[in-house]
Every structure is written in structure tokens, then in C-alpha cells.
Protein chains: 2
Amino acid sequence: MGSGIHMKVKSPTQSRDAELTKAKILDAAEEEFGQGGLAGARTEAIAQRTGVTKAMIYYYFESKEGLYEAVLERCFQGHIQASSDPTWHEGDPAEKLEGLIRQFLARSAQNPNLPNIVAYEALQNQGKYFKQVGVPQYYETMARILERGMQMGVFRQVDAYHASVSIVGACVFYFCCRENVKFLWADKDIMSPEMVAAHMDEAVNLIMRGLMI
Amino acid sequence: MGSGIHMKVKSPTQSRDAELTKAKILDAAEEEFGQGGLAGARTEAIAQRTGVTKAMIYYYFESKEGLYEAVLERCFQGHIQASSDPTWHEGDPAEKLEGLIRQFLARSAQNPNLPNIVAYEALQNQGKYFKQVGVPQYYETMARILERGMQMGVFRQVDAYHASVSIVGACVFYFCCRENVKFLWADKDIMSPEMVAAHMDEAVNLIMRGLMI
DNA sequence: GTCTATACTGGGATAGAC
DNA sequence: GTCTATCCCAGTATAGAC
């Protein structure tokens, strides 16, 4: 998963490994940005999580914004790469859409920072960095599956973009507003595997049935 | 709507009207909290919008948190009062649910601060103030309509709470993440009446069809 | 490459005059 | 009831030693 360029075998056991430090900063930053967004995150907190000093952050990423961009690129790479797979546009559109949605839900459940960052990006930064990283193309992929499904008579007639946004909303709201809705399940952990599976099934059913002819 | 206690008829025309000042602060604060949430809002900005000084905010609301609570109570009062209307639980459940959803969408469109505050509450405050103000009961109302619809055989069998969350998500995501998705419509204003109406129809159709037997 | 120390700024909150 | 002035903490960013 590393760049592979840095394969020094004799690297000393001491804490002077640039790639490792960078990676640790990115991990900590993702967590912080997930909690406060770009504006709310504290560089001091990121440094403390990482175990280095604030100065290191500026040494490697130049600014808070630079770090934020690096985090965004790294953590939405999965979504973006997945969405550019041409096989989404072959075979049964209903099956493909369900696959895309389930993958999306699985990623959100596995890393709850992602949904938070999505919401914060819109609220704090007007989606500026998102556009830069190429997230909008994810919606394009979904819309294209919908278009093909309509042409093939699998889906009813909808506005592909509006529908895509509503679909993503039905999936992601549970995660990014989990702190608001957790009160509905006093005795359960909202991110437990069982609860996540239940949300997945409910959301997928609502969406797929909502689209069928 | 005022307390009624303060009914001085001979109040001078000069700018020394407590109720008016309070109301102006609340208006400005709602806007600011909509843009930055509790943590991100700046009291200085609220004061400037209002045309008074920061000191006034503390004079009337004691603290930033106090102001925030007052804003929340005022601006979600509509949702909460509406949801406690017993007539939601009479007549055709499908019709009632659609009515509730359309009302919810209309309110969100009319005051886009609401969806933003909803999201910020979850992200920044873990829904703490929301619970205080009684927002969770809104979901209870929706869940109850769903339950009755299932009993009557109008809706298919779903988990009423999970479904409610997905429904709200499908409705509200368009608004609170409008800055992320605006790029999908390069030439249109996402909050224009036409676009809002289109979202409404798509969301309502997706949800209602998704629930029907 | 990593640290300590510090310059600089912004923002919440309060004291006290009017 | 409203203002000005100010305290003080927190947070970004940098300089410079090691």
C-alpha cells in the first residue's frame, strides 16, 4: 500500500522515518477532520494523536489546508476508483445499482469519518475541496446506472441526478447524523454490526423498491 | 408570541426595545449557527448582523450556549408542534405520511438553516441540545404512522425506526449537503423553487413507492 | 527530521461608564 | 439597555536549536 520508493532495509529503529510519520499524521488528521471538519480540527490535537509536534505537520504538509487535501485524497480514493470501474455499466442495472449502494454503505460503516467529512465539507467549505478531489463523479456513475436502467425498462422514469442525491441521502444520513438519531435506540450501539446491517437492508429495500417499475 | 409581560405602550421610538433586540439577535444567530454550528459561529458576527454589540448577547442570553438553545427552541418549534398533532394517526396512513414528509420538505426549503443546524448538531454536539429541545419525538411520530400503516396492510413490513431515519435522510440530504451536490447542476440554482419542487417530487415518490406493498 | 519556544491573531467573556 | 475597553485563553504558524 506504501509508495514502494522508500524501501531502505537498514532503516534504524529510531523514530526518524519520514513515510511512517506522514502516514501517522494522515491517520490522526482523518480522525480529527472527521470530528470537527477543516475549521474545527485542531493541529495540536492531530500532533498529539500522532505523537509528534505541530511543527512536523507544517514541515510535511505546509499548511492545515494542505493536510486536509491530502487526507481527502487518501480517504475518498476508494469511492472514486470504484466508481470509475466500467463494469458498472454492463449487465443488470438493478443488480449493479444495489452493488454500488451496498459498497457505499459498507465503506461508510467501516470508516465513519467519511460520512462526517462529507457533511462537514458541504457545511464549512461549500464542497470546494470535494470538487477538487473529484467526488462529484461518484454521482455521475450512479446517475448513469439509473439512466441505463430506465432505458432498459428496469427502473421507472426518474430524474437521475435528483434520485442519486436522494439515494445517497437515504444511505448516509444514518451515519453522519448518528449522534442525533441514537436516542431512538436507547439500548443499542448504532454502529454495531447488527444495527448497521439492519440499516443497510432497510435502506437498500426502500431504494430498490422505490425505483422499480 | 412574546411573553406579554412587557407591554409598555409608551415605549419610546429610540433603540431601546428589549423584545425587539432579543428577536433581532435570535434572527442573526440562527443564520450564523446555520453557517458554522455552535462551535463555528462567532458572537462578533452575530452582533454585527444584529447591529448591536457582543455585550448585548451576553446580557440577554448569558452565554453562547444559552443563545444556541434559544435559537434551537425557536426554530424547531414548528417541527415539534406539528408532529404532536394527533390527527397524524387517523385516516389513511399513506396520505398522512406523505403529508408529513411534504411539510418537512417545505420547511427545510423555506429555511435552509434548519437542515444545516440538524447536521451540525449531530457532528459537533452529539445531538445533546436536540434531545433537550425534543426533536427526537419527531421521529417517533413518523415511526408511529409507519407502524399503523403496516398493521393496516398499507405499507410492507419494515423496521419503523430505521425506515424513518432513511426517509428523513432522503429528504434532508439535498438541503444540508447542497454545497456538495450543486456541482451536478452547473447551470441551476439548487434552492430555486423549480429545483426544490423537483427534489420534493423525486424524494416523495422514492419513499412512498419504496414503502408500498 | 524532530524538537522547544514564541510571535501573532482571533474570539469568548466581563467590567464599568453612560 | 447599550456601549467601549480589555482580559485571557486557544490556536495557527514559524524560527532556530539539535
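Protein chains get the first letters and strands the later ones, always in sequence-line order, with residue 1 at the start of each.
Between the NZ atom of Lys22(B) and the C1' atom of dT2(D) there is a distance of 16 Å, given to the nearest Å. The distance between atom OH of Tyr68(B) and atom C1' of dG11(C), rounded to the nearest whole Å, is 19 Å. Whole-Å rounding puts the Lys64(B) NZ to dC9(D) C1' distance at 14 Å.
Listed pair Thr21(B) / dT2(D) meets the phosphate criterion, a side-chain N or O lying under 4.0 Å from OP1 or OP2.
The aromatic ring centroids of Phe33(B) and Tyr120(B) lie 6.0 Å or more from each other. Not less than 6.0 angstrom separates the ring centroid of Phe183(A) from the ring centroid of Tyr139(B).
Test Arg49(A), Arg42(A), Lys64(A) against Glu32(A) for salt bridge (Lys or Arg N to Asp or Glu O under 4.0 Å) and you get one pass: Arg49(A).
Residues from residues 40-61 of chain B with heavy atoms under 4.0 angstrom of DNA chain D, sorted by number: Val52(B), Thr53(B), Ala55(B), Met56(B), Tyr59(B), Tyr60(B).
Residues passing the side chain to side chain contact (heavy atoms under 4.5 Å, CB included) test with Asp27(B), sequence neighbours excluded: Arg74(B).
Using a cut-off of 4.0 Å between Lys/Arg side-chain N and Asp/Glu carboxylate O, Asp17(B) and Lys24(B) are scored as not salt-bridged.
There is no side-chain donor-acceptor pair under 3.5 Å between Tyr129(A) and Glu65(A).
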